Structures are given as structure tokens and as C-alpha cells.
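Working notes, beginning with the structure itself.
Letters A, B, ... mirror the listed sequences (proteins, then strands); counts begin at 1. All of these numbers come straight from a predicted model, not from anything done at the bench.
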Amino acid sequence: MSSEKPTIPAASNFIRGIIDRDLAQGTNASRHWAGSPGDATHQATGAPDPAKIRTRFPPEPNGYLHIGHAKSICLNFGLARDYAGVCHLRFDDTNPEKEEQEYVDSIIEMVKWLGFGWDAFGKSHLYYASNYFDFMYRAAEALINAGLAFVDQQSADEMRITRGTLTEAGKNSPWRDRSIVENLQLFHEMREGKHADGSMVLRAKIDMASPNINMRDPAIYRIKRAHHHNTGDTWCIYPMYTYAHPVEDALEQITHSICTLEFEDQRPFYDWVLERLAEPPTEAVGANKQALLAHPLPKQYEFARLNLTYVVLSKRKLIQLVEDKHVSGWDDPRLPTLAGARRRGYTPEGFRMFADRIGVSKADSWIEYTILEDCMREVLNEASERRIAVLDPIKLVIDNYTDNKTEDCFAPNHPQKPELGKRVVPLTKELWIEREDFEETPPKGFFRLVPDGMVRLRYGYVVKCTSFEKDAAGKVTTVHCEYLPDTKSGTPGADAIKVKGNIHWVSAQHAYAAEVRLYDRLFKEAHPGSGDNDFLDDLNPNSVKLITAQLEPSLKGAKPAETFQFERHGYFVADRKDSVADKPVFNRTVTLRDAWQK
RNA sequence: UGGGGAGUCGCCAAGUUGGUUAAGGCACUGGGUUUUGAUCCCAGCAUCCGAAGGUUCGAGUCCUUCCUCCUCAGCCA
């Protein structure tokens, strides 16, 4: 992207340390870039790569992005941004059975939403692994020619058995010593569709006794007659991730290939593939003497994936939540999917702040969910105008106030930003106030309305409670009070009478009733499904509460996705899907912090 | 039990080639500002770096042993 410096210097982490070192030593300085991905011959025709580093975010388009992906996205795109490099968005679509265009579209949308792009140096860097199938096939032939791969006709079960165990070496496949010619022939037949799915695979020939199971002749191509979202029915054989990924990185001239910890064991094979393909073919092969890939080769680095308390991020569990209808869909505001978070009112800035705040390391860790919430509060506090909403209304009648009188009160749109101006909130004799702002028998430390007590109606007058009414069930329905005429906010002497409590209100005559959804965390346990619990048992039964609130009139015009702070409550967003003109529906994004615990 | 990783304050996380009193953030605790019990501001918060030994004038950083946790046996990614 550009060479602009980040406003706040990014925290040091081990990956930045590696990049700093590489840059200082010129590790990747000799790379050429021909303007598009390609093999050594292709790249050699290009100029020295203008990108100091290349990273990539390589999702498989088989599901929706979630908060864990946001960490990786911020990391990879952030690194590219900070180091005058480029981050490629690459779809790792090597398994047609699971992948769909719908996911591709959704992923593109969410990465953009997070604030990142892949246009740099005059090019778009949006790629598909499936566009490299030709090269991967050619590279596989090269491995066969070099005696480094063979076609195995063992069944999947046989392969599993002969692979050995964690502590015992595996056994060579009986097909391991076929001739190069025969391997080539069979591999071509695989591609031509002459063999059934599962009847054979191409395997790398490495070492069945390797202590690293991933080096025991891993499969690199399988036969799979499936329609591919990008290549259609062109292929009936598809490369495996372990083989495809290093090739993809190399073709794209990736310098730092960053993935999560579980791929550490895979790194030796990643390097094995690249090193073999960077070697010039032996004379026995003839034809092309040029190595397929050129040095310097991409390097893989691993970091710890995100674990968040009160959240599940595993694909399997998310699918279950959606399919079993525990949530309303992939964009349910309670879900940790980015689509859900966006609907909830979480912001891209908040996610980027979160990513910066949690850092990057190799230590397994659990991030407290409140860190994410705090980040959202921090950006929302800055960005959101204040409004008044009474979520659980009871009547407050000012008995000594003139009937039918309407008086203007002035409420600032943002207490720290006077330039945002004020709006008029009408005051009348009958108001709605919050049920929890009145207590007949107040707990210790309560300083809101109590019988005979005084409180300020925010932006209005100080009132004194005179009486209250209850219904048959004993619930308070109406509170009566008298106002003190000389105490109106903004008038001289308004502060003559000091009160500690300050409550919000809306005029019953002017307010309007609207649907508000109070979201809470989806799970009630910090570690859903820990021990031998079913994670579904840890679902929070009160993760959403639909209410009808009394809102100040100006809220009627809220646009979908517009955020507000409802004073003394929290941050709310007009639902991007369900809001209609003049009738927005609000989602609670996150509450305000509350030092007052009862 | 084989291989690969990780263990620094309640939660994260910096700690170059060993060198003054172990960054920072979040949380927490005090105090201040405030017509949101919000925000903001100030202050405090690890004699200690998984444990035990050792090397050294000096170790979170080097060596040895041990402990704990994560991860790998898909023709998934």
C-alpha cells in the first residue's frame, strides 16, 4: 500500500522483529515482480519488486469470517501497510467440495469493511489458488521427474495404517519404487479421468520413518470429481493444501507467510516443496533446464490463534449454532462472525484497536472478552452522538407543572464535542423515566430517585419525589414529584441546590415507542464447552431481550447502521437489516461501563 | 511414550548480541474533573520472570535437569 507511517507506533512483536531483520539484511531485496503471480521465468522478466514485503491473507472460501480472522487480517494487512509492502487477498480454494462463491463474496466484503484493500502499485492483488492449478500440475510432474513423487494405489485405510504412529515409524508403500515413466503415465491418467476417485493419489517421496508424521510421504494430489466454483469441471484432480500453499506463496512472491501455530509441523514440508522446486531439473528430464521457482523463497512463520472468553470460534460450533437455530443466521448480532459483529454495531476501528491491543505471539492465550468490548466503547464514545432512550419506562408526573405546557431543554450531542451542537428535548408535565431510577427502598449508596428524595432531570429541573403508585402486583407504575422552578439547567443559579442523582427522561407526549434489542453475551461461561460439557449447555438463555422503549423524537430519523450512545445505557446501532424508513430498530452494541454494582 | 511449540503481574505482552531500579495496554485500587455512577486526568499496582541447580563481577536473557500446557497419525485447510 503506501509508505505512510502508523500514527501510533505498532507494538513490537516477534514477526516485526523478523521483518526488521530481513529488511536490514536485504533478505528479500533481490526479488523480481512481473506484475502478476508466476514462476521464476515469469518473475525474472519483471523489475525488482517495488513491495518491500509481501504478506497474504489466504482464507478457504468455505465459511464466514469471524473475529479470529480479523486478528489475522489486521496482522497481515497491517504489516504490509507499515512496511511499505503489499498484502494479497488469496482464496485458498483447492477443495471444491466445500467452497462456494457466496463465501468468496462475503469474505471480500468483510475484509473491505475492516478497512483493508489489496490494490497497490497499480495492481489489484486478489488471487485464487485455483488459478495456479496448471503450474501446480507442472510442478508435480517436475517432482515426479526428479524422483521425488510417486503414484500410490493404496487405499486411504492402507495409507493410514502404513503411516505408522506418533512413536512408530511407517512403512514404505508397495508402490513407492515405480519408475519415473510409470509415475508420469499414471499421474497423467489421473488427470485425464481414467481412474476412480480415491483409487490413487500422488505422494511426495520423503521418509516414512520421519519423526514428523507430516514428512511420511504426504499426499499432494487426489482424484476428486467435483465442480469447482472457479475452474468448473476442468480438473478432476486437486492439490492438497500442504503442497499447494507453499507453491501459491512462491508464485505470489510472498516474503512472510504467516499462519497459525497448528501449521508449525507443516513447515518442514513447506520448505521441502519450495527447495525442490527451486532446484534446476536434472539432465535426465531434458526439456526445460530452468528451475520453476527462484530464491529467495517464502518463509513461513506461525503465531497463536485467537481465543476469546465467552465465545466459540470453531467452524463446527458456529455451524451448529446457525443450523440448530440457536441464532437467527450467520449475521446474528450475538455471533462472533464479522457479519454478526457489524450488525451488532461493532466497528472496524474497534477491531483494529483490538488487534493492536492483544498483540501477536506464539504463546497460547485467552483474551478476555471485555478487551474487545472496551475497544468498541472507546471508538463508539468518540464517534457516537448522544440521545435519550428510556428502556423500561414508568411514568413521572410533575404535579406542580402547568398542564399542556411544553418547554425546551437543550441537550448537547456530545459532551466532549461542543461543535456538534445541541438539540431540543421537550419537557412536559408527564415524563417517562427509567424504572431502575426509582427505588422505594433504596440499597446503600443509591442516589437516584427515592421517596422524598431529590434528583435532577438531566438538562431540566431538580425534582422532589412526593409519592408513587403501584399496581395490583406491587409494581411501581407512576411516581409523583414537584419541580423546583429556579433549578433549570443552563440558567443562573441552577446549581444552587446540589443533588447527586441525575436521571434521564423523555416527554410522554413527544416520545415514541420503538423496538430495541438488548444483546448480551451468547454464552454464560468463559470457556463454553470446557471439560466434558456440551458447549450448547453453556448458552446464555438471556442473550437477547426484545423490548419496547420510549425514545426521544429525533431518533426516528436514524439511518441503518448509524450508532448512538443512549445516555446512561450504552451504545446502540440502528439495525442495518430490519430498520425501515422512520422506524429504525435498535441493537444494543455494548453497555456503558458501570461502576455502580448493586 | 516420537516430533514440533509455549511458559514474564488477574488477562494480554515488550524485553537487541547477558549489564543501571523488568516497557506498555486491559483489569484493579486510591484521588481529581464532570448535569451520563460514562468519558477524561493523576497516582499506585511483578525484589521478580514455570521450578531447581550452575556459569558470571553481573542472567528474564547462557548451561543442566525437571515440571506444566498446546500441537501432529484427513485422499480437510
Side-chain angles (χ1 to χ4, degrees), chain A residues 11-14 17 20-21 58-60 62 92-95 97-99 152 154-157 159-161 163-170 197-203 210-216 218-224 237-238 240-242 244-245 259 261-268 302 304 309 315 353 356-371 374-375 377-378 381-382 386 388 411-412 414-416 445-448 456-460 462 487 489-490 494-495 498-504 565-570 591-597:
Chain A
S12 170
N13 63 50
F14 77 102
D20 288 337
R21 185 205 62 201
E60 181 186 18
N62 69 344
D92 208 345
D93 52 356
T94 58
N95 184 358
E97 282 174 341
K98 300 176 158 187
E99 298 150 6
D152 195 348
Q154 289 183 110
S155 68
D157 281 346
M159 271 184 63
R160 180 170 45 74
I161 291 161
R163 184 156 30 233
T165 70
L166 295 178
T167 52
E168 297 163 294
D197 287 15
S199 62
M200 48 182 70
V201 293
L202 183 69
R203 284 231 253 177
S210 171
N212 180 351
I213 290 192
N214 299 296
M215 298 296 271
R216 317 235 264 229
I220 60 180
Y221 259 98
R222 76 283 215 182
I223 305 171
K224 185 171 286 209
I237 59 171
Y238 292 94
M240 300 285 292
Y241 162 86
T242 49
H245 207 87
C259 60
L261 251 26
E262 64 270 29
F263 294 102
E264 276 180 314
D265 298 340
Q266 215 66 244
R267 186 169 3 112
E302 310 86 11
T309 58
K315 189 161 285 172
M353 179 185 289
D356 288 343
R357 204 164 272 188
I358 63 178
V360 178
S361 78
K362 293 181 75 110
D364 295 304
S365 59
W366 281 87
I367 307 295
E368 293 169 344
Y369 193 75
T370 54
I371 304 273
D374 280 331
C375 290
R377 285 190 184 101
E378 212 165 310
N381 174 53
E382 189 68 25
R386 316 284 118 131
I388 299 169
H414 191 120
Q416 279 81 44
F446 185 84
F447 54 71
R448 277 109 92 153
R456 175 174 291 280
L457 296 177
R458 198 160 162 72
Y459 313 126
V462 170
T487 59
S489 294
D495 291 336
K498 301 277 185 201
V499 291
K500 212 171 180 193
N502 193 311
I503 67 174
H504 63 276
Q565 182 197 97
F566 288 178
E567 292 191 22
R568 302 210 301 135
H569 282 302
T591 62
L592 252 27
R593 293 178 56 179
D594 186 8
W596 162 245
Q597 299 109 336

Under 4.0 Å between any heavy atoms, over every strand shown, what does [X] touch: base, sugar-phosphate, or nothing? Just pick one.
X        : value
A:Val360 : sugar-phosphate
A:Glu567 : base
A:Gly170 : nothing
A:Asp374 : sugar-phosphate
A:Gln154 : base
A:Ile358 : sugar-phosphate
A:Tyr221 : nothing
A:Gln266 : base
A:Arg163 : sugar-phosphate

Under 3.5 Å, is there an N or O donor on one side and an acceptor on the other linking the side chain of [X] and the base of [N]?
X        : N     : result
A:Gln565 : B:U36 : yes
A:Gln416 : B:U39 : yes
A:Arg386 : B:U36 : yes
A:Asp594 : B:G37 : no
A:Arg568 : B:G37 : no

Presence of salt bridge, A:Glu60 and A:Lys98, under 4.0 angstrom: no
Salt-bridge criterion met for A:Asp197 and A:Lys224 (N-O under 4.0 Å): no
Aromatic ring of A:Tyr241 stacked on base six-ring of B:A77, 5.5 Å, 30°: no
Suppose you measure atom [atom1] in [N] against the same atom in [M]; what distance do you get, rounded to whole Å?
N     : M     : atom1 : value
B:C45 : B:G30 : P     : 15 Å
B:G7  : B:G15 : P     : 12 Å
B:A6  : B:G25 : P     : 27 Å

Grab the [atom1]-[atom2] distance between [X] and [N] for me, whole Å please.
X        : N     : atom1 : atom2 : value
A:Ile213 : B:C75 : CD1   : P     : 11 Å
A:His504 : B:U34 : NE2   : P     : 23 Å
A:Asp265 : B:A6  : CG    : P     : 12 Å
A:Ile371 : B:C11 : CD1   : P     : 12 Å
A:Arg357 : B:A27 : CZ    : P     : 8 Å
A:Asn13  : B:C12 : CG    : C1'   : 13 Å

Out of [options], which nucleotide sits closest to the side chain of [X]?
X        : options            : result
A:Glu264 : B:A77, B:C26, B:G4 : B:G4
A:Arg458 : B:G74, B:U36, B:G2 : B:U36
A:Arg593 : B:A14, B:U1, B:A38 : B:A38
A:Asn212 : B:C12, B:G3, B:A77 : B:G3

Side-chain heavy-atom pair A:Phe14, A:Lys362 within 4.5 angstrom cut-off: yes
RNA chain B: 5'-proximal contact among A:Ala156 and A:Asp495 (nearest heavy atom): A:Asp495
A:Lys362 or A:Thr94, whichever maps to the more 5' nucleotide of RNA chain B: A:Lys362
Syn or anti for B:G74 (syn when the glycosidic angle lies within 90° of 0): syn
Closest non-hydrogen atom pair between [X] and [Y], with its separation:
X        : Y        : answer
A:Arg222 : A:Thr94  : NH1-O, 3.6 Å
A:Asp92  : A:Glu99  : O-OE2, 3.7 Å
A:Arg216 : A:Arg163 : NE-O, 2.9 Å

Crowding at NZ, A:Lys315 (>12 non-hydrogen neighbours, <6.0 Å): yes
Runs of at least three Watson-Crick or G-U pairs with RNA chain B, cut-off 3.5 Å: B:2-7 with B:67-72, B:10-12 with B:24-26, B:28-32 with B:40-44, B:50-54 with B:62-66
